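Fair warning: this is a prediction, and the values are worked out from it, not measured in the lab. Below, chain A is the first sequence line, B the second, and so on; all start at residue 1.
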Amino acid sequence: MRYWLMKSEPDAFGIDDLQNRSQQTEHWDGVRNYQARNMMRDAMKIGDQVFFYHSNCAEPGIVGIARIAREGYPDFTAFDPDDKHFDPKSNPDKPTWIMVDVQFVRRLSRTISLKELKLKTELTELALLRRGNRLSIMPVSEQQWQFILGLE
DNA sequence: GCCAACGTTGGC
DNA sequence: GCCAACGTTGGC
């Protein structure tokens, strides 16, 4: 089993939104970055564990845990001209973009903030903290996962 | 709202 | 293939 961190802006789609979805599951659409796409397409497996991260908000940080509920399949929002994430270069025969389904597992008892994560020497290799990183999906090692959970 | 750090686009 | 211009992300 692998571990991941996925970013979302709570104003658009936060951990509460995921919890309130039917089956507490939602497809993770709109990723338009090749590195992130490749991870969803090639590496994410059902049952993988995910840190749900809130970005672009008052207190950026990890707020909950989710799991991969469905492995990579075509991101159909790319085919819809009216969709914000429409991409004319992608088509159903040969989809450019991929998404997975993510299921709510639990909230953390508190937000483990970006500020706090930055203070930990154990996490200097965490992709989230690497300089200039802007990936919305990134891998987390088992050691990093356990360490971060231990902060809760 | 500002701005650094990207990734992408397109002219050449 | 180079690189300037542009758009986006996301912390602050």
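An OP1 or OP2 oxygen of C:dG11 is reached within less than 4.0 angstrom by a side-chain nitrogen or oxygen of A:Y53. Not one side-chain nitrogen or oxygen of A:K7 sits closer than 4.0 Å to the OP1 or OP2 atom of C:dG11. Here A:K89 does not reach the OP1 or OP2 of B:dT8: none of its side-chain N or O atoms lies under 4.0 Å away.
The interatomic distance linking A:M138 (CE) with C:dG10 (P) rounds to 8 Å, in whole Å. Distance A:L117 CG to C:dC12 C1': 17 Å, rounded to the nearest Å. Distance, A:K84 NZ to C:dG7 P: 15 Å, rounded to whole Å. In this entry the distance linking CZ of A:R130 with C1' of B:dC6 reads 16 Å, nearest Å. The nearest whole Å value for the distance from the CG atom in A:N38 to the P atom in B:dG7 is 13 Å. Atom CD1 in A:I137 sits about 13 Å away from atom P in C:dT9, given to the nearest Å. Protein atom CG of A:N33 is 6 Å distant from nucleotide atom P of B:dT8, rounded to whole Å. Whole-Å rounding puts the A:L135 CG to C:dT8 P distance at 18 Å.
In this model, no donor atom of one side chain and acceptor atom of the other lie less than 3.5 Å apart for A:S55 and A:R134.
Under the 4.0 Å criterion applied to side-chain N and carboxylate O atoms, A:D75 and A:R32 are assigned as salt-bridge partners.
When distances run from any side-chain atom of A:Q35 to the nucleotides C:dG11, B:dG7, B:dT8, the shortest one goes to B:dG7. For A:L114, counting side-chain heavy atoms from C-beta on, the closest listed nucleotide (C:dC12, B:dA5, C:dG10) is C:dC12.
When each of A:R130, A:Q144, A:Q143 is checked for a side chain to side chain donor-acceptor pair (under 3.5 Å) with A:E125, only A:R130 meets the rule.
Under a 3.5 Å cut-off, the side chain of A:E71 and the backbone N or O of A:I46 do form a donor-acceptor pair.
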- Item | side chain to side chain contact (heavy atoms under 4.5 Å, CB included) assessment of A:F13 paired with A:F52 | CA-CA 11 Å; A:F13 184 78; A:F52 197 112; 4.2 Å; yes
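Residues A:N133 and A:N56 both approach DNA chain B. Their nearest nucleotides, taken by heavy-atom distance, put A:N56 toward the 5′ side.
As judged by a 4.0 angstrom heavy-atom cut-off over every strand, A:K118 is placed among residues touching the sugar-phosphate backbone only.
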